[in-house]
Amino acid sequence: MINQLSYLGQEMDDVHLVWLPQVNKYLQFKEPAWKVFVRLAEDMDHDTIARLISSVYGLGRSEAKEFVEDIATNISETLNYTETSGTSELLPLKTESIHTYRVKQYRVGEKFVAIRFPNGYLFNSVHPFLQHLESDEKTEANSKFVFIQEHERFGLLHNDKLVYTGNESMHLIGQFYQHLLSDIHNVAPDNWMTVCHASAVTDGKNTLMVTGPSGTGKSTITGLLAAHGLSFVADDFVAIDAANYAAYPFPTALSVKKGSVELLSNWFNTLPGKDVHTKLRVDKEIRLLPMFTDNEFYQRIYPVKFLIFLVYREGAAFQADKLSASESLKLFFEQSWVSSNPQIIRHFMRWYSNLSCYHLTYSNYQEAIGFFLKLMKEHI
């Protein structure tokens, strides 16, 4: 039995999206599975549900019972799911773990951010992306961050408050970015609705977010769209708030992999002279291209209208398929973190059900850029 299961639900197309607050996980149900789920959540016994399903949908009694049992098992397995990487507990770190390798100060708009790094590894994981913002002005920092490493465990202090401990460096960097973005834009960390491994550009009215696994060309597409008249919002890390359903400008430099340097150099002629990095969280050569020049840009926010799932496949014919919200959710969750706050979850469901989502397979960048520009133009 599933005892009085609490959940939030949102109908999307012909699918019911269900969020389970106990584990911050989502399930999707079509009819008649949705009716079964609702009755299981009410703690109705399986035999009674099977009789109802059998009567309404003309299923055999044993087939209906098996159908109910399968859904109950799916729910139970989801409720028993536990993360195997990282940790959400803020485990104590020894004060002697706070070492200083380098301290850097950065200017972001009108704000100053000071960061203390304990070793070269963490310094090289963060500083190159922010190097263009480095400042030697003798000004008191508005925000202070201290990275910590104790053997295989990492920590992060934000204005003297411990905000992360865990054993995953990527989770550590994600927490740092999230808190940095909060400071830049005066948004409480708890008010972010979702954070996505994505890039974003805008025409000032509509904002387009591009996501997908590493190697799909997100950053290259972003740079090309910026070269074709759209404004850069963020690369690799897009945070969207619950109040405005908007992406917020993030000042890290655009990551350009070796294979895209020649292509992007046609528009950004300083790119070939940029330093080459080989250990920036990926085992590839990367050049970093700063994209922000206007401090006023930090004062604006950009509601996200379009979500594109990229697939780069060498030699593939161009194909763009419009997805329903329910079809695209699984792809989105593979690249994103979503808040576990029930009130914010309601906003997320409402926002996502109104997104225009596309799955795009390409090998030719010109065809992809043409599609994006047409899409934006049609919705001005």
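One-based numbering along the sequence shown.
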Using a 3.5 Å cut-off and no angle test, enumerate the donor-acceptor pairs between side-chain atoms of residues 53-68 and protein atoms at least two apart in sequence or in another chain.
| from | atom 1 | to | atom 2 | distance (Å) |
| --- | --- | --- | --- | --- |
| S54 | OG | L59 | O | 2.5 |
| K65 | NZ | D47 | OD1 | 2.9 |

What side-chain donor-acceptor pairs closer than 3.5 Å can you find for residues 132-141, not counting sequence neighbours?
| from | atom 1 | to | atom 2 | distance (Å) |
| --- | --- | --- | --- | --- |
| H132 | NE2 | P251 | O | 2.8 |
| E134 | OE2 | K104 | NZ | 2.8 |
| S135 | OG | E137 | N | 3.1 |
| E137 | OE2 | R107 | NH1 | 3.0 |
| E140 | OE2 | K144 | NZ | 3.1 |

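Of the inter-residue distances, the one linking I148 atom CD1 with R153 atom CZ reads 9.5 Å to the nearest 0.5 angstrom. Annotation: the span from I115 atom CD1 to L130 atom CG amounts to 5.5 Å, rounded to 0.5 Å. Of the inter-residue distances, the one linking T278 atom OG1 with K258 atom NZ reads 11.5 Å to the nearest 0.5 angstrom. The CZ atom of R287 sits 11.0 Å away from the OG1 atom of T270 when rounded to the nearest 0.5 Å. One finds the CG atom of N191 at 9.5 Å from the NE2 atom of H347 (value rounded to the nearest 0.5 Å). For the atom pair Y352 OH and Y26 OH, the distance stands at 11.0 Å (nearest 0.5 Å).
Between I49 and L40 the shortest side-chain heavy-atom distance falls below 4.5 Å. Looking at heavy atoms from C-beta onward, V238 lies out of side-chain contact with V233 at the 4.5 angstrom threshold. Residues I98 and V146 are in side-chain contact: their nearest non-hydrogen atoms beyond the backbone lie under 4.5 Å apart. Contact check for H16 versus W34: side-chain heavy atoms found under the 4.5 Å cut-off. Contact of the V126 side chain with the I173 side chain is registered, since non-hydrogen atoms from C-beta on lie closer than 4.5 Å. A 4.5 Å side-chain heavy-atom check between S169 and F154 finds at least one atom pair inside the cut-off. With a 4.5 Å cut-off on side-chain heavy atoms, V18 and Q28 do not count as touching. At a threshold of 4.5 Å between non-hydrogen side-chain atoms, the residues T78 and K25 count as touching.
Proximity of the aromatic rings of Y106 and F112 is defined here by a centroid distance below 6.0 angstrom, and this criterion is not met. Separation of the F37 and F29 ring centroids falls under the 6.0 Å cut-off. A ring-centre distance under 6.0 Å is found for Y248 and W192.
In plain terms, the two heavy atoms of G215 and Y312 that are nearest each other are O-CB, 4.3 Å. In terms of heavy atoms, V261 sits closest to P272 at CG1-CA, 4.4 Å. Here the shortest heavy-atom pairing between P21 and S6 reads CD-O, 3.3 Å. When every heavy atom of K111 is checked against every heavy atom of N142, the shortest pair comes out as CA-OD1, 3.3 Å. Between L264 and G223, the shortest heavy-atom contact is CD2-C, 3.9 Å.
One hydrophobic cluster, built from ILVMFWY side chains closer than 4.5 Å, holds both Y121 and L172. M209 and F371 fall into different hydrophobic clusters, where Ile, Leu, Val, Met, Phe, Trp and Tyr residues are linked whenever their side-chain heavy atoms come under 4.5 Å apart, directly or through other members. In the hydrophobic clustering of ILVMFWY residues, with side-chain heavy atoms under 4.5 Å counting as a link, F348 and L181 come out apart.
With hydrogens and angles left out, the side-chain atoms of N206 and K377 include no donor and acceptor closer than 3.5 Å. For the residue pair E262/S265, the side-chain donor-acceptor check at 3.5 Å is not satisfied. Side chains of T73 and D70: no donor on one and acceptor on the other come within 3.5 Å. For the residue pair S340 and N24, no side-chain donor N or O sits within less than 3.5 Å of a side-chain acceptor on the partner. With 3.5 Å as the limit, one finds no donor-acceptor pair spanning the side chains of H99 and N119.
Taking the side chain to side chain donor-acceptor pair (under 3.5 Å) definition, one finds that W351 meets it with nothing, sequence neighbours left out. The side chain to side chain contact (heavy atoms under 4.5 Å, CB included) check on S356 picks up K305, F306, K322, Y358, with sequence neighbours excluded. When the side chain to side chain donor-acceptor pair (under 3.5 Å) test is applied to D321, the partners found at least two apart in sequence or on another chain are Q319.
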(message) Applying salt bridge (charged side-chain N to carboxylate O under 4.0 Å, His left out) to E42 and R39, what does each step give before you reach the verdict?
(response) CA-CA 5 Å; E42 294 171 347; R39 285 160 177 78; 5.8 Å; no
(message) Quick one, L360 with F309, criterion side-chain contact (heavy atoms from CB on, under 4.5 Å). Give me CA distance, side-chain angles, the key distance, then yes/no.
(response) CA-CA 6 Å; L360 192 150; F309 298 93; over 6 Å; no
(message) Show, in sequence, the C-alpha distance, side-chain angles and deciding distance for H197 and D236, and conclude whether the side-chain contact (heavy atoms from CB on, under 4.5 Å) test is met.
(response) CA-CA 5 Å; H197 177 218; D236 210 41; 2.8 Å; yes
(request) Assess whether ring pair (Phe, Tyr, Trp, His ring centres under 6.0 Å) is satisfied between F147 and F117, documenting all intermediate values. (result) CA-CA 5 Å; F147 284 96; F117 300 98; 5.6 Å; yes
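A donor-acceptor pair is defined here as one N or O able to donate and one able to accept, closer than 3.5 Å; no such pair exists between the side chain of E77 and the backbone of N74. Within the 3.5 Å criterion, the main-chain N or O of V256 finds no donor-acceptor partner in the side chain of S260. Side-chain atoms of S339 come within 3.5 Å of backbone N or O of N341 as a donor-acceptor pair. Of the possible polar contacts, one joining the D241 side chain to the A246 backbone as a donor-acceptor pair under 3.5 Å is found. Without hydrogens or angle criteria, S182 side chain to V187 main chain gives a donor-acceptor distance under 3.5 Å. Proximity of a side-chain donor or acceptor of T222 to a complementary backbone N or O of K218 within less than 3.5 Å is detected. Checked by atom type and distance alone, the side chain of D13 never pairs as donor or acceptor with a backbone atom of V15 at under 3.5 Å. Remark: side-chain polar atoms of T194 are paired, donor with acceptor, to backbone N or O of W337 under 3.5 angstrom. Side chain of H185 to main chain of I301: no donor-acceptor pair is present (N/O by atom type, distance under 3.5 Å, no hydrogens or angles).
For residues 331-348, the salt bridge (Lys or Arg N to Asp or Glu O under 4.0 Å) pairs, not counting sequence neighbours, are K330-E334.
When each of V108, L180, D235 is tested with F250 by the rule side chain to side chain contact (heavy atoms under 4.5 Å, CB included), just one qualifies, namely L180. Residue Y7 forms a side chain to side chain contact (heavy atoms under 4.5 Å, CB included) with just one option from I75, L27, V38, and that option is V38. Of the residues V201, T216, L307, L310, the one that meets the side chain to side chain contact (heavy atoms under 4.5 Å, CB included) test with V210 is L310.
Counting heavy-atom neighbours within 6.0 Å of N354 CG, excluding the residue itself, gives a total above 12.
Ring planes of F145 and H158: parallel class, angle under 30° (limits at 30 and 60°). Ring pair H228/W267 is tilted by interplanar angle, where 30° to 60° counts as tilted.
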